[in-house]
Number of protein chains: 2
Amino acid sequence: MFVVNPALKTLMNLAKVQAVISRRFDRLNIHGIGFNDFMILYLLQQSAAGKMRRIDLADQIGLTASGITRMLLPMEKIGLVAREANERDARVSYVVLTSVGKQLFEEAEKTASALAGEIIPALKPKEMTLLTDLLTSLGGNIT
Amino acid sequence: MFVVNPALKTLMNLAKVQAVISRRFDRLNIHGIGFNDFMILYLLQQSAAGKMRRIDLADQIGLTASGITRMLLPMEKIGLVAREANERDARVSYVVLTSVGKQLFEEAEKTASALAGEIIPALKPKEMTLLTDLLTSLGGNIT
DNA sequence: AACATATACTTGACTAGTCAATGATTATGC
DNA sequence: GCATAATCATTGACTAGTCAAGTATATGTT
């Protein structure tokens with residue numbers, strides 16, 4: 001029988017786990033938004049200025065710039081975020097969190113937290129630290 | 001500042017990490033197949049009979065049955081897998097690994113293993129065990 | 001036997017992204 | 001100071017899935 005690299009098996013399990021979790025979240029359709037939309041609201045909310053460049057959002061959530069452009073279109077349409085120019089650099093278009101967006105985030109965060117608690121088993125502090133460190137070493141730098 | 005549930009942050013980092021990893025794999029386009037196609041070949045190859053029901057493939061890789069139907073179409077077309085009926089149950093259509101599929105898998109496994117080794121940092125045995133256990137507890141049961 | 005329910009798979013209509021190319025602007029090397 | 005390169009964002013064309021509904025078959029109940 002063929003034996004594959006343990007690292008590769010780990011990546012396969014990671015892929016599976018993520019597929020199942022994200023479908024579970026998106027199926028809930030928390031307040032009308034998907035999980036990635038939720039992440040965008042979260043990042044904007046915790047950013048100092050309440051606004052971010054599209055390219056930085058892309059880097060943070062791990063999608064491409066064009067993916068961000070496409071995700072933001074419906075969010076702009078329903079007024080969760082808005083556009084703002086950068087006076088120094090005309091290439092940049094900031095994404096600003098609106099008060100509607102902020103309010104929706106705060107509601108959605110309750111549902112999302114509850115579901116996250118169901119999904120992630122209760123871990124000992126030591127385990128939680130290790131898991132966080134592991135994800136960080138794999139590029140998961142969302143704080 | 002709003003403080004979110006650590007479990008929720010973990011899920012956001014998981015989503016990000018997986019998005020980046022899967023894009024990196026798919027971009028390589030290993031021997032013309034994507035990462036999920038690779039997983040299908042792997043599961044078929046390590047199954048005792050070299051064949052599986054579509055629904056079991058779906059469960060194992062964490063997608064829906066209809067996703068599996070759609071993924072398999074091009075794979076059948078290029079001859080990596082084939083269909084086989086179940087004599088006892090006419091609803092079932094097995095997915096069989098062809099010799100072409102098996103050969104491609106063995107080639108692709110080399111490339112995939114090498115990339116997996118680059119992505120997953122060298123872990124101490126204890127850490128590796130914990131990571132595996134964690135993924136298992138989240139539903140990652142690929143062995 | 002007949003009916004209700006469950007399971008396996010597929011399909012139509014759709015969403016969520018990808019990549020490659022392009023446009024517009026800003027930064028850099030000489 | 002000007003050509004070249006780099007950066008930010010968008011668009012066209014496409015792939016990879018999702019869900020809900022439908023078809024076909026199997027199983028369980030009375």
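Values in this document were obtained by computation on a predicted structure and should not be read as measured data. Lettering of chains follows the sequences in order, A, B, ..., and the numbering in each one begins at 1.
A 6.0 Å sphere centred on CD of B/Gln103 holds no more than 12 heavy atoms belonging to other residues, nucleotides or ligands. Counting non-hydrogen atoms of other residues, nucleotides and ligands closer than 6.0 Å to NZ of A/Lys102 gives a total of 12 or fewer.
Atom pair A/Asn86:CG and D/dA9:C1' shows a separation of 13 Å (rounding to whole Å applied). The CD-C1' distance, from B/Glu76 to C/dC9, rounds to 12 Å in whole Å. Going from atom CG of B/Leu73 over to atom P of D/dG17 covers 13 Å, rounded to whole Å. Look at CZ on B/Phe35: it is 12 Å from P on D/dG17, rounded to the nearest Å. Taking atom CD of residue B/Gln18 and atom P of nucleotide C/dA16, one finds them 19 Å apart after rounding to whole Å. In this entry the distance linking CG of B/Leu72 with C1' of D/dG17 reads 13 Å, nearest Å. The distance from atom CZ of B/Phe38 to atom P of D/dA16 is 17 Å, rounded to the nearest whole Å. Atom CZ in B/Arg23 sits roughly 16 Å away from atom C1' in D/dG17 (whole-Å rounding).
Looking at every heavy atom in both residues, B/Asn13 comes nearest to A/Gly140 through OD1-C, 2.9 Å. The minimum heavy-atom distance linking B/Arg91 with B/Asp89 is given by the pair NH2-OD2, 2.7 Å. Between A/Leu138 and B/Pro121, the shortest heavy-atom distance links the atoms CD2-CD, 3.7 Å. Looking at every heavy atom in both residues, A/Ala116 comes nearest to A/Phe25 through N-CZ, 4.3 Å.
Five base pairs at each end of the helix from C/dA1-D/dT30 to C/dC30-D/dG1 define two local axes, and these are offset by 40° (rounded to 10°).
If you take CD1 on A/Ile40 and CE on A/Met71, they are separated by 3.5 Å, rounding to the nearest 0.5 Å. Atoms OH and CD1, on A/Tyr42 and A/Ile142 in that order, are 8.0 Å from each other to the nearest 0.5 Å.
Ranked by how close their nearest DNA chain D nucleotide is to the 5' end, B/Gly62 and A/Ser93 are led by A/Ser93.
With C/dA8, C/dC19, C/dG17 as the candidates, the nucleotide lying closest to the side chain of B/Arg53 is C/dA8. Closest approach to the A/Ile55 side chain among D/dA9, C/dT18, C/dC9 is made by D/dA9 (side chain taken as heavy atoms from C-beta onward). Nearest nucleotide to the side chain of B/Thr69, out of D/dA9, C/dG17, C/dT10: C/dT10. Closest approach to the A/Arg83 side chain among D/dT10, C/dC19, D/dA20 is made by D/dT10 (side chain taken as heavy atoms from C-beta onward). Side chain of A/Leu63, nearest nucleotide from D/dT18, C/dG17, D/dA9: C/dG17.
For A/Arg70 against D/dG12, a side-chain N or O and a base N or O form a donor-acceptor pair under 3.5 Å. In terms of polar N and O atoms assigned as donor or acceptor, the side chain of B/Ser66 never comes within less than 3.5 Å of the base of C/dC9 in a complementary pairing.
A close approach under 4.0 Å does not occur between any side-chain nitrogen or oxygen of A/Asn36 and OP1 or OP2 of C/dA16. The side chain of A/Arg27 contributes an N or O atom lying less than 4.0 Å from OP1 or OP2 of D/dA20.
Heavy atoms of A/Asp26 sit nowhere under 4.0 angstrom from any nucleic acid atom.
Within the 4.5 Å cutoff, the side chain of A/Phe35 has no heavy atoms near those of the A/Ile30 side chain. When side chains are defined from C-beta on, B/Glu106 does not count as touching B/Glu109, because their heavy atoms never get closer than 4.5 Å. The shortest side-chain heavy-atom distance between B/Leu14 and A/Leu14 falls under the 4.5 Å cut-off.
Defined by atom type and a distance below 3.5 Å, a donor-acceptor pair is present between the side-chain atoms of A/Ser93 and A/Arg54.
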Please write out each protein N/O paired with an N/O of nucleotides 22-26 of chain D under 3.5 Å, distance rounded to 0.1 Å.
from	atom 1	to	atom 2	distance (Å)
D/dA26	OP1	B/Arg88	O	3.4
D/dA26	OP1	B/Ala90	N	3.0

Interface polar pairs with nucleotides 1-4 of chain C, N/O, under 3.5 angstrom:
none

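B/Leu44 and A/Val4 fall within the same hydrophobic cluster, where Ile, Leu, Val, Met, Phe, Trp and Tyr residues are linked whenever their side-chain heavy atoms come under 4.5 Å apart, directly or through other members.
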